[in-house]
Number of protein chains: 2
Amino acid sequence: MARKTGSHSQITGPKVRAAASRLFARHGFAAVSMRQIAGEVGVQAGALYLYTPDKQTLLFDLMREHMEDLLAAWGAQDKGEGPLAQLEAFVRFHIGFHLERPDAVFIAYMELRNLSEVNFAAIEGLRKQYEDALEQILRLGQKAGVFGVPDTKLAMMALIAMLTGVNTWYREGGRLSRDMIEGIYWDMARKAVAG
Amino acid sequence: MARKTGSHSQITGPKVRAAASRLFARHGFAAVSMRQIAGEVGVQAGALYLYTPDKQTLLFDLMREHMEDLLAAWGAQDKGEGPLAQLEAFVRFHIGFHLERPDAVFIAYMELRNLSEVNFAAIEGLRKQYEDALEQILRLGQKAGVFGVPDTKLAMMALIAMLTGVNTWYREGGRLSRDMIEGIYWDMARKAVAG
DNA sequence: CTTTGAATTGAACGCACGTTCAGATAAACC
DNA sequence: GGTTTATCTGAACGTGCGTTCAATTCAAAG
């Protein structure tokens with residue numbers, strides 16, 4: 001199950017990643033032991049060190065992978081033409097992507113303080129890239145007179161917080177479908193930045 | 001410094017509370033030891049047990065106190081007349097109150113999973129009371145035709161997430177004053193729920 | 001100055017932690 | 001079937017944890 005040779009895996013075993021992700025999201029990085037993760041996978045604690053050099057790197061790999069997936073998925077997304085269409089694409093994409101992986105989202109937002117300085121900087125860099133994508137849409141829309149946002153950075157932060165907030169209350173099988181939620185949030189977002 | 005008699009304090013020593021709040025916010029509940037807290041206060045670890053029966057209760061007391069302060073402060077707030085004025089009061093109050101106590105806010109949002117079931121329920125109950133205050137404003141405004149929110153619960157969640165998000169990026173002495181931030185967010189909030 | 005009770009220390013308890021590693025096992029290849 | 005290489009176990013290491021408690025210090029009252 002582990003890798004062939006020498007240096008430790010970039011590609012932490014998928015079972016280990018899945019177990020760690022679930023447990024970190026549920027109980028928090030500091031409260032989860034390597035023995036618990038190993039138990040979920042069905043091995044002894046020592047075996048985990050075939051997949052990761054240490055616990056902190058395991059966390060970092062989860063976060064980095066999540067952020068890279070996010071950037072790649074947004075890059076591959078159909079964005080349409082014009083600021084309004086692009087904002088709608090962003091809103092719907094953000095909600096959909098985040099609802100699809102609640103554990104990774106939770107970890108990426110809550111466990112930043114458990115990262116070393118250099119690992120923290122790496123994750124923040126990826127996050128900034130994503131935020132810049134939204135800010136760019138807002139800036140272009142503002143210049144084109146489609147939006148009325150006095151401060152694009154604040155508007156970007158406000159929108160991201162609003163959209164990511166869905167993850168705190170959404171439960172599978174609730175009274176609203178994802179499509180309806182995306183529609184309602186798109187409506188609020190559109191109005192919030194309207195001229 | 002500790003209390004007189006018998007049962008452990010409702011009123012955990014203020015020095016202990018302050019140190020615990022700072023450390024829990026900075027490093028997370030699970031990552032902070034009683035010895036670290038004691039060190040900040042300037043006593044040995046054992047002395048903390050004059051102020052709290054255990055570590056978890058110390059966390060719970062911090063959260064409960066924060067939520068009770070929040071409800072009391074909103075209760076004492078000048079709210080004005082009519083849905084629009086009340087929404088503005090809420091937006092400005094929420095941002096101001098939360099920016100004033102970033103550590104307590106951080107803990108109240110991030111450490112819920114470290115609470116026992118019964119303590120969790122207590123905190124959630126207080127949070128619900130606060131959220132209900134905002135939802136009520138939205139519902140009345142919707143009925144009066146001042147707002148255009150198809151789902152007041154969703155709109156409430158969206159607004160709260162947006163407003164609380166300020167805490168994630170605001171830094172003392174940044175380029176925008178609190179007043180300006182409140183103004184910009186009030187503008188976005190007003191438009192987001194507009195008819 | 002002496003008494004008294006609260007406040008605090010400092011050592012100890014049993015336990016769980018992250019990590020290491022020699023040895024056992026299993027799988028792949030000849 | 002035998003050899004090699006990947007995979008995993010199980011025990012051990014030193015450390016720090018939350019919590020307890022007898023003994024000590026301290027502060028106020030008489």
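Keep in mind that this is a model prediction, so the values were computed, not measured. Throughout, a chain's letter reflects where its sequence line sits, starting with A, and its residues are numbered from 1.
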Chemist: Run the ring pair (Phe, Tyr, Trp, His ring centres under 6.0 Å) check on B:Tyr130 and B:His94 step by step: do they pass?
Modeler: CA-CA 10 Å; B:Tyr130 183 65; B:His94 186 96; 5.6 Å; yes
Chemist: Output the rounded distance in Å from CG (A:Leu50) to C1' (D:dA6).
Modeler: 9 Å
Chemist: Between B:His98 and B:Phe106, does the ring centre distance come in under 6.0 Å?
Modeler: no
Chemist: OP1 or OP2 of C:dT8 less than 4.0 angstrom from a side-chain nitrogen or oxygen of B:Tyr51, does that happen here?
Modeler: yes
Chemist: Just the rounded figure in Å: distance from P of D:dT19 to CD of B:Gln44.
Modeler: 17 Å
Chemist: Taking CG from B:Leu48 and P from C:dG10, how many angstroms apart are they, rounded to a whole number?
Modeler: 14 Å
Chemist: Within a strict 4.5 Å, meaning less than it, do heavy atoms of the B:Glu100 and B:Arg178 side chains meet?
Modeler: yes
Chemist: Mind calculating the distance between NZ (B:Lys55) and C1' (D:dC17) to the nearest angstrom?
Modeler: 8 Å
Chemist: Is any side-chain heavy atom of A:Leu138 closer than 4.5 Å to a side-chain heavy atom of A:Lys153?
Modeler: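 Of all side-chain heavy-atom pairs linking A:Lys153 with A:Leu138, none is under 4.5 Å.
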Chemist: Less than 4.0 angstrom from a charged side-chain N to a carboxylate O is my criterion; do B:Glu40 and B:Arg22 meet it?
Modeler: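 So B:Glu40 pairs with B:Arg22 through a salt bridge.
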Chemist: Is any side-chain heavy atom of A:Tyr51 closer than 4.5 Å to one of A:Leu58?
Modeler: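 SC-SC contact between A:Leu58 and A:Tyr51 ruled out.
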Chemist: Residues from residues 19-36 of chain B sitting under 4.0 Å of DNA chain C, heavy atoms only?
Modeler: B:Arg35
Chemist: Rounded off to whole Å, could you give me the CG-to-C1' distance for the B:Leu58 and D:dT19 pair?
Modeler: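 Going from B:Leu58 (CG) to D:dT19 (C1'), I get 14 Å.
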Chemist: Determine, step by step, whether A:Arg17 and A:Asp61 satisfy the side chain to side chain contact (heavy atoms under 4.5 Å, CB included) criterion, reporting the C-alpha distance in whole Å, the side-chain angles of both residues, the deciding distance to 0.1 Å, and the verdict.
Modeler: CA-CA 9 Å; A:Arg17 257 195 340 260; A:Asp61 284 343; 5.8 Å; no
Chemist: Would a 4.5 Å heavy-atom cut-off, applied to side chains only, mark B:Leu70 and B:Phe93 as touching?
Modeler: yes
Chemist: How close or far is atom P of C:dT20 from atom OH of A:Tyr49, stated in whole angstroms?
Modeler: 7 Å
Chemist: List in numerical order all residues of residues 111-120 of chain A for which some heavy atom is under 4.0 Å away from an atom belonging to DNA chain D.
Modeler: none
